[in-house]
Structure formats: structure tokens, C-alpha cells
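Residue numbering restarts at 1 for every chain, and letters A, B, ... go by the order of the sequence lines. A quick note: this is a predicted structure, and the numbers were derived from the prediction, not measured. Side chains are part of it too, since the values below use all heavy atoms of this structure and drop only hydrogens, waters and symmetry mates.
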Amino acid sequence: MDFRFTDDQLTLAESVRDYLAGTHGPEVLRRLDAEGNRDPAIWQGLTEMGLTGLLVPEEHGGLGLGLVEAALIAAECGRACLAEPLVDTAFVAVPWLVRNGDLADLGAIAAGERQMPLPHVLNPWVADGEGSALESVDPLRNLVMFPAAGSADPYLLDLGALMSAAQLVGLADAMLHQAVEYAKIRTQFGQPVGAFQALKHQLASCAVAVEFAKPAVWRAAEALQDGGESASVHVSHAKVAASDAAVLTAETAIQVHGAMGYTYEVDLHFWMKRSWALNGAWGDRAWHLKRIDQAVIGGTMPIGPEHTFA
Amino acid sequence: MDFRFTDDQLTLAESVRDYLAGTHGPEVLRRLDAEGNRDPAIWQGLTEMGLTGLLVPEEHGGLGLGLVEAALIAAECGRACLAEPLVDTAFVAVPWLVRNGDLADLGAIAAGERQMPLPHVLNPWVADGEGSALESVDPLRNLVMFPAAGSADPYLLDLGALMSAAQLVGLADAMLHQAVEYAKIRTQFGQPVGAFQALKHQLASCAVAVEFAKPAVWRAAEALQDGGESASVHVSHAKVAASDAAVLTAETAIQVHGAMGYTYEVDLHFWMKRSWALNGAWGDRAWHLKRIDQAVIGGTMPIGPEHTFA
Amino acid sequence: MDLVYTPEQQAFRAEVRAWMEAHVPKEPLVTLECREGYDQHVAWERTLASGNWGMVTWPEAYGGRGLDLIQWLIFEEEYFRAGGPNRANQNGIFLLGPTIMEFGTEEQKARFLPPMARGEVIWAQAWSEPGAGSDMAAIQSKAVRDGDHYVITGQKTWSSRAAFADWGFGIFRTDPDSKRHKGLTFILFDLNSPGITRRPIRQLHGDTGFAELFFDEVRVPVENCLAGEGEGWNVAMATAGFERGLMLRSPGRFQATAKRLVDLYRAHEAEASPAAREAVLQAWMQTQAYAYNTYAVASKIMAGGKIGAEASLNKIFWSELDRMMHRTAMQILGAHAELKRFGNGQINQWLEGYIFSLSGPIYAGSNEVQRNIIAERLLGLPRVGAG
Amino acid sequence: MDLVYTPEQQAFRAEVRAWMEAHVPKEPLVTLECREGYDQHVAWERTLASGNWGMVTWPEAYGGRGLDLIQWLIFEEEYFRAGGPNRANQNGIFLLGPTIMEFGTEEQKARFLPPMARGEVIWAQAWSEPGAGSDMAAIQSKAVRDGDHYVITGQKTWSSRAAFADWGFGIFRTDPDSKRHKGLTFILFDLNSPGITRRPIRQLHGDTGFAELFFDEVRVPVENCLAGEGEGWNVAMATAGFERGLMLRSPGRFQATAKRLVDLYRAHEAEASPAAREAVLQAWMQTQAYAYNTYAVASKIMAGGKIGAEASLNKIFWSELDRMMHRTAMQILGAHAELKRFGNGQINQWLEGYIFSLSGPIYAGSNEVQRNIIAERLLGLPRVGAG
């Protein structure tokens, strides 16, 4: 029993964070927004970092890592509001293909030559892919409606939900950070607005929500990785907690920004909109809550102090 | 259309408020708590003010006023945390007896010689009356379990719920006032704690909740008085909004008082406990919410901008 | 307490209802925050004016109907029942109109009010500056007297409607040595005056309804000053009072939202969360409570009373209620919430509404400022204080 | 990340479970806040000590079992699974014990720790003063050095357990000219010393577990001072860190509450509100999240890490969660919520728990202070500021 990431995991996450911070800052988001959202050079960079092959078994040219590592990296993608659809292909489609023994495309995916956004019955559209275009509130999401009905496989749904949850805690972290930084420099009534206790306490409440959503996400990643019986319930917990933290943080962050927050000029809006999109993706709040309801009130899963890791 | 009290109504409420403030202050509550809760002199005073006969028709020795006046006075009873069970007899039992044409006891009630707490199936115990004793968290409530099953009449329930709601807004007002006064004089870190924006904003949020519960109570009183079809739904709205405002204000008031709020020495606890008792009395939150649910989601009542007074 | 409409009020309601049913556009207009939508909304203002429904509470002499506040509430209820569009002329109707009636000269009233009522001149407000948002007393834009003109230099921002409107109003520092609330003057100006540059600001949703205004020695005749020189703060506070107070957000608007939310919930009842059900019931309760409170305030004002710091209670209540209702709708919509148009091409008005609702706790005096006002002026808590 | 218990840990769990099932009283004890209940709880401490379960994380040399933090968590889970009573000795186990181990001399450790572990000496904490609650640096009680004694004069209040406990600890001003955080010293004292008057304070629920302490020239030997003279603030902050941090409220306690709440909900499912259902699901989610976080912090500490301002996140989370769960239970109980005992004579533990939960956001550093700490130390927001 050790609820910590390994040093290797932390180093990997940090290197991705640093890389994205250096190559995928807000000025890049604004450029992409103006120029059609996708930039092969960015995808190339992610491929060279090994991220497209993170979950691809080594014998197919990948790094052969697991869902815990993927969740950590997905959180970094959220933090950076990554425009490229890395998570959908590399952290959702790949482990599903591996589970299904469908290995043909793994090499191409690892090499960055193939993207594979997968539809699900609960999630008929995802970013990129082939199909009729839909316009998302998120300007960086190239949404398409798939022509065929998606899979109904619960494992695929769990993967999508887990990785959405991981992105959402990263998004929430980033929005909290942006709000804090703005509150330090914006002055009103002769002082930084961040010195006003009312804003301090709102931001502190966001920190509480985000910090207690994170361990639920890591625990869900571990559960799904291990394939335990209750893994789906933990994924649903992660999705609900991360979504709620992100929605709260988005509303607080815009409030802290005041009228500036309501403009397109402030970076915040990219993160808010991604949060709203992922809030509904891969099973919405009600869907995941119902799964928890069946387990907890319905009694299909043991609960109580001795069942922390049930 | 005039959503105001008449000058007569306001004058009456003010005179009751002044009377109770003068004769039924916190020191009286403490004395009653130590000495068995009831004091015939207080009951006598209420009788002399005409309150026991407020709703008794004039031909039976009362003032013949209506539920709107009674709700206003019930709010004052809440504000003063009145120990004597005036509301149960004079504002709940009397209009029910009148509605049922059961007029025999009205003269004695108006004269202050008879108390008549009535049980209801949803509310098997009320303060005072005959039956086996139960201990309420409210030290001033002499709770008894009635030996016989209560009435199931919805009008009786509506009267009890409405008058509980009215008391609850008075209780909430008083708790807010106590918290504000304490926050003005308690200093920490070199200033009154009420100068800290975090406490200011919590108290302001209570003011919002209380001020928007009140008109729902007055509107429900008027609806029940008029006997409109949807009166019960409005009573339920009043009860839920008033209970929620009182529970929120109680939690905020104790927080503002800090450790002092957790003592029996501070007056606040009498008001909090009465709030908790009335929160569950005459139909609890869930029961009233269900009645609203049937009307609003169930569609048995028209809603929308043109139905403000439906 | 008399909660029954008179026969005259019922007849008036019937009249409004008939007109609205005949005239309100069947299809929702394009958002007011772009050129196309703005033009549609101005056209609607003129249609309203053609029925004499533009400024119903104004005196007839200025193009209104001289309605009392209860009639106004009935009008608004029917307006929103019919799905009436947002008002391009809102700054005129609710903010500037009442301000001119209170502070303007007879000549100013005659000059500005009738074209406003006819929807011919659309007004932008220009309060905020980059350094003066919640802290409006930090205004720096200057108006220097030069003969019978003021010469305005400076910058305003987050001016609603200013991307497309005709005229603007705001406060400017006329005494260069003054500080904070003193030395400010309330001035009306033609947005097409030489020296004014409008820079539309792209908003959260991507459209551009509000703007920055740059003033480079803009000459404005002295007769465009409202009330006396140096009286600007008092006039602006009265205007802001109208905004936060009774008239900016009539209950009908929120009751219509609550009704739509109930319909949305019913369509998704089987799969919705308990939180959504609770929120839907709260939506009905709170929109009703807001309506009762507004009727109560209207009754009080009609009887000669005034609305004071209670306006801050209102502002907080409707803005947080509106956000809550739209957030709930977004949750109910689930995966569909992010779509700007649904598969059938219909605009996702819940998404647009949610985004707009996020501005509610910010504009017209942030809710933090409102809570300060409640704490200090209504509850009497001490003003000074450290964080 | 390894979320599987080792066979040794599983065996340990089985051992705790067996002992607890055999020893935990079948009937709930009377509340700790009255004489009768206090005595029952002290007897339970001695029973626990007889099984060597009193201070499981302490070194064996001081009467503990030398367990690591994961084992401690397992112990706590099983303790609360079995319905173990609240700990009379909590101030000793979680606050003073670790403080003495960190700051005490060998002699102090040998003198104070073993009787604490055996439940023979029960400790009260004495931090607050009437003018120093959240603002603990405003302490005024004086300890004046006189030879090899301190002479204490002053007043402490809201001292938990002090109505009945044996010894107390707190900080006192030893430098009469000092201000705020300086010149304070951490002193342990016998509550039966001449010159100490205890005035039990009646609490919200009517019982008297905490007390005011009046010190009238109370002589305390210098060797009862922990760490150096003038070091009191640092020691107290470390102690308060233990309190707010990992060990004061183990997750098992709240998980047990959540489980009882689920059972309560199931029994009232048909008539409960949507808000209650949502809250019950939140109760499970949040107690689990609290457990995960505690395991994560325990893992970090076992690997040599430290817990800092994150302790404030914990304090806010568990205290508001506990209040939410009990408030929800009160709503579910409806009319029964107000009864101190139900019709069958059973104590209404939800009511008692709700009342106690209201103190959670106040004690151990109010949640307002905690939010300041998070904002300033974790988020880096500026300290100074006006309201």
C-alpha cells in the first residue's frame, strides 16, 4: 500500500508539463484558434516525446506504460488546454484496442501517423475524425458527428471518462492558477483584488474541491488499470468530482477576473470551454452519478471504513 | 393588486414586537429554561394583547382577523423565540375549528383559558398538551406524544406549516441580528470580526435567503386565507424557503460566534434549536418539496411568467 | 395585501398578450452582440414603438404610456411569456431614461427622450475604465471645459452596446485636481463624434457587443451635461440604482427561464440527477419569490416609498438564480451542452444563456460589492477592515 | 502507486477486527461531555490500553506499538467499523504526545508519555482565552519565573476535556513585555494544582465537557516547560499542525458516518428529497476522497515528506463534510430530528452528531483562518488587505 506516484512517473509528468508550457502556451492557443486549430508540428512534438505511444506495448513501438501514467499526462494536457486530440487516440483508443487484441494500428499510432477518435453510444461525437461537423463551444475542438453508432462497451466508456476526469483536474488547476495570478496584479480600491478576503476564500474553496478530486482520479486510474470489480464506480466518482471542481473553478475564475473574464482576450475562456465540453463527454454528471447510486444506495458494492479500497 | 401590509397590520405587528422585546427577552428565556418553561403571567399578557383571540370571530370574543395578520404575528413569536405555545392554539387550532364549524371552545381560547395543541398524522407531537413526554432539543418545547392518532386533514397541516414558516423567518431574522451584533463587538486580530469581509459576505448571503423567504410566506398566508386551488403549493414553498433560510442562518450565526456560539451561555442556541424543531414540524422539507414537485414537474399547476399569482 | 388583479389590469394583460402574440418574432433573433443581430433587435425596438410598447412606464409626453409599476410587471410577464427578444434599448429604457427624467432640464427631456422611446437612438453606457471597474470612483477620463464645450480625452471599456449604438453616456472627471467621487460630471455624447474610436471587444462567446471607447479631444457641447458640473457621482449612483434595483431584470424573464427549465427536465427526467431535480424545484420557488418581492417593492414605490440598499439583495438574488438555472440546464443537456447548435440546426440557447449568466454576478456592480453594501448599509457591520 | 494491502497488513487488520469485535461496548457510551460519560470513556481508554491499542503509532518504549501510518489507518478503519467510542485521550494521543516526542527532553518523555498511553492521565488542552480565539497570538495569561517555578495567572477558556481531565497544556506569556507571537512558553500543568479553578462551560447541547480555567498564582515547576522559554508559539504551531493535519480526524470516522447515512437514507428512500439523495452520494464520494487523500499524505510522510499548509485543506474538507452529512440526516429524520431520544428510548445520535459537527468549522483553527492560510500560503495571494 503506497498512495504515491513513483519518481519515474513524476519525472515523466513534469517533463510533459515543461514541454507543453514551453511550446503550447496561451499565445499558441490564440494562434491555433485563428488558424484552424491543428498544427502538425505540435503533433510531431508529442510523438517525439513518446506520448502517442505511451500505452502502446513496447513490441509495437510504444513505451508500454499504464493508465496511471496516462492519467497523469492527461491532467497535464488539461493544464495546457492541449488542442491536439492526443488523449482520445493515445489514452482512450489504444488501451481499448489492446484490450480487444486489435493490434494492427498500434504501430502507426505510436509513430504519430494515425489518429483514432472513437465514438461511443453515450458520446456520439468527439474531436476530429471523419463525419459531419458540429460546432463546439470549445473553439479548439473540431467536433464531428460520427456517421455510425458508436460502441456500447463499458470499458471504452470508462477509459474516456477517466481520461476526461484527469484532464478536468488539470484544467481546474490551470484556471485556479490563472485566477490567482490575475488577482495578484489587478488592483481596485487601492489594493490587489486578491487581497480581498471574499475572493481569497472563494479561491481557497476551489483549491479544496480540486485537491480532493485529484486523489479520486488517481485511485480510479489504478482501479481501471487493475481491472477490479468496482473500477467503474471509481471512474464515475472521478468524473463527477473532477467535473464539479472544474465547473466551480471556472465560475469562480471568471468572477475573479471581473469584466475581463467575460472577454475573449483573456486566456481563461479556452480552459472554461474545454471544461464545459468534457463535463458532458463520456457520460454526463447524471449518468455517472447513477452508477454510483446503484453501487452505494443500491448496495452492489460494499461501503464503510474497512472498504476504502473495495 | 397591492403586495403590502396595511398600516393596521404593520402597527399590530410592531406592537407585538415591542411587547415581546420588553417582556420576553433572552433573560426571560433563561429563567424559563431553569424554571420549567411556562409562566402564566406571560400567557396572561398575550391574552390581554388579544393574541389568543386574534383569529376568533368577534361574536366569540375575538378580534376576527385573518391568516395574514396571524402569520405576521407568528413571525414576531419566532423573532422573540416565544416559549408559550400561542401559535399552535391561536393560529393553527382556531382557524381549523372555525373552518369545521366547531365553535364551542373559541370563547375560552380567546379568553386565554384554554390551550389546544392539535396533533396531525405528519406531526404526532406538538408542544404542551396531554400525552407522554418526549424530550426536544429545544429546551423550551414541552413535547408530548399524543395518545391518539392525529387528524389527516390537509387544511390543518397547511395551517401548521404556514405558521411554522412564519416563525422560521422571524427566528432567522433574530439569529442574523444576533450574529451581526456579536460581530460588531467581538474583536480578533485588532478589529471587530464583523469587519472581515468573509464574515460580512456570509451574513449578507443569509440576508438574501431570509429576505426572499419572507414574501413567499406572506403570499402563502394570503393564498390560504383566500382558499385558492394552489394554496397548498404556496404553503409548501413558504415552509421550504423559510426552513432553508433558518438552517443556513443558524449555521452561519454559530460560525460567526465562534466557540462562544457553541456554548449555552450565548442566547443564540434557543433560536437555533427552535429552528431545527420547526424545520421538521408540520411536514418536513422532503414532504413539502414533494408537493411542489407534483405541482411543478407533475404539471398540476400552471407555471410561467403570467402565473405569478396562479 | 391584495393579490388579485383588477378587471382593468386583466384587460390590460389581455391587450398586451394579443399584441405580443401577433408581433413577437416566431424565430429567435440572432444574438444582439453582432451586427446582424443588433440590426434585428433595433428593428424589433421600432416594431415595439409602433405599438407604443417601447417605454411603457414613461409619461405619454415622452413617448411612453404612463403605466404604473404593476402594469409594467404585467407587461413584462406577457412580454416574456410570448418569448420577446432582449431589449437593444435597455440602457435607454431603464438607465438613462429615468435618469434624464430625474436630473434633466425640460429641454434635455424633450430632446433625448422621444427619439429614445421611438427606438431611433440606441444608447450605450460607458461607466468602466480599464482601472475603474468595481471601483468606479477611480475614473480618470477627463472632460476639460473649453468655452461652451467639454473636450473629452481618455478611455472607457466594457461599454455595453457600444460596438453598434448611436449615443453614449458616462461620467468624466471635469475637475482635474479632484479625487475619487468628487469632480465628476455626467455627460451624454454622440458615438459618431470626431475623435471617438470604438474598438469592439470580443466577448466570451466570440461575438462583439461591447466595446472599448477611446476619446481623443472629443468636443461635446456643454448642454449635453446632465445635472450640474461635479454632480456626476450622484447622478451615476442614481442610475446604477435603477440598474440594480427594480427595473433592469423583471421577474418575467426568469420565470420564463424556469418554465423552459421545467420542460427541459421533463424531457430528460428518466436520466437526470437528483441535484438537477432539486435545482428545478428551486428554480420555480426562487423565480416566484423574486416575483413576489418585485411586486412588493413596486407596491411600496407606488405608495410613495423608495428602494435603497435592498436593491443589492435583488441583484445578488437574480444573478445567482439565473446562473444556477442555466448551469442546471447545461447539466441536464449533458453531452449536448457543448454544442452551439444541436443536430437539427437549432441554436443552443441554454449554452448562450449560461455564458451570459456568468456575467450577471459581475456587471451592474459585482456581487462582491453588493454583499459589502448589504453587510455595511443594511446590516450595519463596520466598514474598515483588513483581509 | 500500489493500492493493495500486504499480507501483513491484512493480518493486522484481522487482528484489530477480532479484538474490537470482542471489546467494543455493544451499547453506545453516554456522551463524553458529562461526568458519567467521561468516566465510561476513561474506562474504555484503559480497556484499550490493556490490549495495547491506546497509542498505536507511538514507539513501544512509550507504550505504543510503533505502527506506521498505513497500519494506523487500518487500525482506525477497524476501530470505526466496530463503532468504537470517541477517544477521551485524544488530546494526548494526537496533540500532546507527538509534541512531547518532538520537543520534550528524554526525562519528559519518560515521565509523561507512558501514563498517557495507559490512559491513567487524561489531558485537556488550554489554548484559547476570552480575547484570543482565532487570534491565538493575543494570549495574555502570564507565567512569571520565580526560582525554579513559573507562577501562572490568567484565564483560559473552551478547554476541551478540562471539566474532568487530570492535566492540561497550553501556552503562556513568560516575557511580560512581549507582543503577539513572541515571549510565549509551552507549559504542562496539573489541573489539580492549588490556584486553578475550573468552571465547566455548558455547551450547546446542555452538557459540560469543556471549561474555563482560572489561574491564580499557580506554581508550576520549570521542568514542566516544553522546549525553551519563549519557544511556545513554534511548539503550539507544531501541535496545531498535528491537530489540523493528518491524525485528528481519521477517515474511518467519516466513512462510518457515511455508511450509517446510507442506511438511514435507504430506510426513508420513498419519502426523501432529491437533495438528500444527492447529499448521500456526495457523502460516499467525499469520505472516500478524504480517505484517499489521507493515504496519500501518510504515504508521503512515511517516505520522509512533510505536511504543511495542505493541512488546512484537510481541516476544511472534513469539517464541512461532517456537518453536511449530519445536516442531511437531520433532514431525512424530519419530525424526528428534534427528539433527543426516539420513541423507543434510543439516543438520537444524528442530533448529537449534528450539534457536534457545528463545532468542526470552529475549533482547531476556524475555517475562515484555514481559508486565509490556503489563500496566502498555498496559493500565494497577498496578505495585507482591506475588507
Q | side-chain hydrogen bond (donor to acceptor under 3.5 Å, both in side chains) assessment of N293(C) paired with E211(B) | A | CA-CA 9 Å; N293(C) 191 61; E211(B) 291 308 319; over 6 Å; no
Q: Could you pull out all residues at least two apart from E78(C) that satisfy salt bridge (Lys or Arg N to Asp or Glu O under 4.0 Å)?
A: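 Testing E78(C) for salt bridge (Lys or Arg N to Asp or Glu O under 4.0 Å), a comparison that skips the adjacent residues, returns R13(C), R17(C).
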Would a 4.5 Å heavy-atom cut-off, applied to side chains only, mark [X] and [Y] as touching?
X	Y	result
V217(B)	Y292(C)	no
Q286(C)	F212(B)	no
R371(C)	K200(B)	no

For [X], is it the side chain, the backbone, both or neither that has a heavy atom under 4.5 Å from a heavy atom of chain B?
X	value
R81(C)	both
L313(C)	both
Y265(C)	side chain
E368(C)	both
Q282(C)	side chain
I70(C)	side chain

Q: With a 4.5 Å cut-off on heavy-atom pairs, point out which of E76(C), Q288(C), R253(C) contacts chain B the most.
A: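 The option with the most such pairs is Q288(C).
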Q: Determine, step by step, whether V208(B) and E320(C) satisfy the side-chain contact (heavy atoms from CB on, under 4.5 Å) criterion, reporting the C-alpha distance in whole Å, the side-chain angles of both residues, the deciding distance to 0.1 Å, and the verdict.
A: CA-CA 11 Å; V208(B) 171; E320(C) 296 180 2; over 6 Å; no
**Q.** Worked verdict on R219(B) versus L3(C) for side-chain contact (heavy atoms from CB on, under 4.5 Å)
**A.** CA-CA 8 Å; R219(B) 192 264 184 276; L3(C) 305 186; 4.1 Å; yes
Q. In terms of side-chain geometry, is the basic nitrogen of R285(B) or E278(C) positioned less than 4.0 Å from the acidic oxygen of its partner?
A.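 Judged by the 4.0 Å cut-off on N to carboxylate O distance, R285(B) and E278(C) do form a salt bridge.
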Q: Indicate yes or no for a side-chain donor-acceptor contact from S299(C) to the backbone of D2(B) under 3.5 Å, with no hydrogens or angles considered.
A: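 Side chain of S299(C) to backbone of D2(B), a donor-acceptor pair under 3.5 Å: no, none is there.
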Which pair of heavy atoms, one from [X] and one from [Y], lies closest together, and at what distance?
X	Y	answer
K184(B)	G380(C)	CE-O, 3.1 Å
P215(B)	A289(C)	CG-O, 4.2 Å
G194(B)	L381(C)	O-CB, 3.7 Å

Q.
Please classify the contact between S205(B) and chain C as side chain, backbone, both or neither, with a heavy-atom cut-off of under 4.5 Å.
A.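 For S205(B), heavy atoms of backbone and side chain both lie under 4.5 Å from chain C.
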Rounded to the nearest 0.5 Å, what separation is found between the [atom1] atom of [X] and the [atom2] atom of [Y]?
X	Y	atom1	atom2	result
D2(C)	F3(B)	CG	CZ	11.5 Å
L379(C)	C206(B)	CG	SG	9.0 Å
H237(B)	L281(C)	NE2	CG	11.0 Å
R4(B)	M1(C)	CZ	CE	9.5 Å

Q: Taking heavy atoms only and a threshold strictly under 4.5 Å, list by residue number the residues of residues 269-277 of chain C that touch chain B; give 'none' if the list is empty.
A: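 Counting heavy atoms that sit under 4.5 Å from chain B, the residues of residues 269-277 of chain C involved are E269(C), R277(C).
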Q.
Only heavy atoms, only distances under 4.5 angstrom. Which residues in residues 292-310 of chain B are near chain C?
A.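 Within residues 292-310 of chain B, the residues that come under 4.5 Å of chain C (heavy atoms only) are I292(B), D293(B), V296(B), I297(B), G299(B), M301(B), I303(B), G304(B), P305(B), E306(B), H307(B), T308(B), F309(B).
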Q: Using a heavy-atom cutoff of under 4.5 Å, enumerate the residues of residues 173-183 of chain B that contact chain C, numbered in order, or state 'none'.
A: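 When heavy atoms of chain C are the reference, residues 173-183 of chain B contributes L176(B), V180(B), A183(B) within the under-4.5 Å range.
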Q: Give a yes or no on this: more than 12 heavy atoms of other residues, nucleotides or ligands lie within 6.0 Å of atom CZ of R266(C).
A: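 Yes.
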Q: Go through the steps to decide whether H201(B) and N367(C) satisfy the test side-chain hydrogen bond (donor to acceptor under 3.5 Å, both in side chains), and finish with yes or no.
A: CA-CA 10 Å; H201(B) 283 205; N367(C) 285 14; over 6 Å; no
